[in-house]
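Here the structure is laid out as structure tokens; the discussion comes afterwards.
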Amino acid sequence: MIRAIDHSVNIVAYEKNNKKYAMCVAWATHISPEIIICVMGPQSVTGRMLEKNDIVGFSNLSINQKAIAQKIGDVKAHSPEANKLDGVDYVNENGAITINGARTQAVCKVLDKTRIPGIQSENITCLQIIKASVNENVKALHIADMH
């Protein structure tokens with residue numbers, strides 16, 4: 001059985017109602033230069049709290065940020081009970097939280113959230129990139145690097 005199809009490790013993080021939320025998304029990709037689609041698991045408080053028009057941070061982690069991926073991706077520590085960002089170097093720009101040192105740091109607007117009929121276990125979220133910066137000098141962290 002395939003454990004996971006390899007792709008990069010991406011973080012969605014934001015502050016809402018004075019609480020910080022952060023998660024590793026299950027999967028993300030561009031569908032156009034300014035639109036990202038990502039899948040968030042149903043256990044995610046971070047994903048459930050997102051609403052249309054929210055502003056969030058999207059970080060494509062760099063190869064040297066494995067510890068950050070493990071900390072934020074810890075499924076036993078759910079936001080907002082656990083501060084997944086404690087000890088993580090990040091920027092909070094009007095509620096959009098991006099991880100410093102990430103390969104890509106983007107401020108995004110939530111365009112929509114939906115589910116695929118018959119698949120109740122995942123949330124599909126569409127993000128519009130408002131602004132972004134890319135560090136071309138570092139490689140992206142991939143799921144295959146986590147094992």
Self-check item: Gap separating the CG atom of Asp112 from the SG atom of Cys126, nearest 0.5 angstrom
Solution: 7.0 Å

Quiz item: So, for Asn60 and Ala140, which heavy atoms are closest and what is the spacing to 0.1 Å?
Solution: OD1-CB, 3.7 Å

Quiz item: So how far is it from Lys19 NZ to Asn83 CG, rounded to the nearest 0.5 Å?
Solution: 12.5 Å

Quiz item: Nearest heavy-atom pair of Asp145 and Lys66: which atoms, and what distance?
Solution: O-NZ, 3.4 Å

Quiz item: Distance from Ile99 atom CD1 to Ile68 atom CD1, nearest 0.5 Å?
Solution: 6.0 Å

Quiz item: If you take all heavy atoms of Asp74 and Lys84, which pair is closest and at what distance?
Solution: O-NZ, 3.5 Å

Practice problem: For Glu136 and Arg103, run salt bridge (charged side-chain N to carboxylate O under 4.0 Å, His left out): C-alpha distance rounded to whole Å, both residues' side-chain angles, the deciding distance at 0.1 Å, then the answer. | Solution: CA-CA 7 Å; Glu136 299 285 351; Arg103 186 172 190 286; 3.1 Å; yes

Quiz item: So, for Asp6 and Ala144, which heavy atoms are closest and what is the spacing to 0.1 Å?
Solution: OD1-N, 3.0 Å

Quiz item: Can you find a pair of side-chain heavy atoms, one from Asn123 and one from Arg115, that are under 4.5 Å apart?
Solution: yes

Quiz item: Are Ile37 and Ile124 close enough that some pair of their side-chain heavy atoms sits under 4.5 Å apart?
Solution: yes

Self-check item: Heavy-atom pair of closest approach, residues Thr98 and Ala106
Solution: CG2-O, 3.4 Å

Quiz prompt | Side-chain ion pair, Lys16 and Asp54, N-O less than 4.0 Å | solution = yes

Quiz item: Is the backbone of Ala26 close enough, under 3.5 Å, to the side chain of His7 for a donor and an acceptor to pair up by distance?
Solution: yes

Self-check item: Residues Ile55, Asn94; criterion side-chain contact (heavy atoms from CB on, under 4.5 Å); working and verdict
Solution: CA-CA 8 Å; Ile55 303 298; Asn94 299 315; over 6 Å; no

Self-check item: Hydrophobic cluster identity match, Met49 and Phe58, side-chain contacts under 4.5 Å
Solution: yes

Quiz prompt | Heavy-atom side-chain proximity of Lys20 to Ile97 below 4.5 angstrom | solution = yes

Quiz item: Between Val45 and Tyr21, is any pair of side-chain heavy atoms under 4.5 Å apart?
Solution: yes

Practice problem: Would you confirm whether Glu93, through its side chain, and Gly57, through its main-chain N or O, come within 3.5 Å as a donor-acceptor pair? | Solution: no

Exercise. Return the set of residues passing side-chain hydrogen bond (donor to acceptor under 3.5 Å, both in side chains) with Gln70 (not counting sequence neighbours), or none when no residue passes.
Key: none

Quiz item: In the single-linkage hydrophobic clustering (I, L, V, M, F, W, Y; side-chain heavy atoms under 4.5 Å), do Leu141 and Val138 co-cluster?
Solution: no

Quiz item: Are Leu85 and Lys71 side-chain neighbours, meaning at least one heavy-atom pair lies under 4.5 Å?
Solution: no

Quiz prompt | Heavy-atom check, side chain of Lys109 versus side chain of Asn53, under 4.5 Å | solution = yes

Quiz item: Does any non-hydrogen side-chain atom of Thr29 lie less than 4.5 Å from one of Trp27?
Solution: yes

Quiz item: Can you tell me how far the CG atom of Asn10 sits from the CD1 atom of Ile72, to the nearest 0.5 Å?
Solution: 11.5 Å

Quiz prompt | Taking every non-hydrogen atom, the tightest pair across Met23 and Ser44 | solution = SD-OG, 3.1 Å

Quiz item: Counting distance only, does the side-chain N/O of Ser62 pair as donor-acceptor with the main-chain N or O of Gly101 below 3.5 Å?
Solution: yes

Quiz item: Once you round to the nearest 0.5 Å, how far does CG of Asn100 lie from CD of Gln65?
Solution: 8.5 Å

Quiz prompt | Heavy-atom check, side chain of Leu50 versus side chain of Tyr14, under 4.5 Å | solution = yes

Quiz item: With hydrophobic residues grouped by side-chain heavy-atom distances under 4.5 Å, do Ile63 and Val9 end up in a single group?
Solution: yes

Quiz item: Roughly how far apart are Lys113 NZ and Cys38 SG, rounded to 0.5 Å?
Solution: 10.0 Å

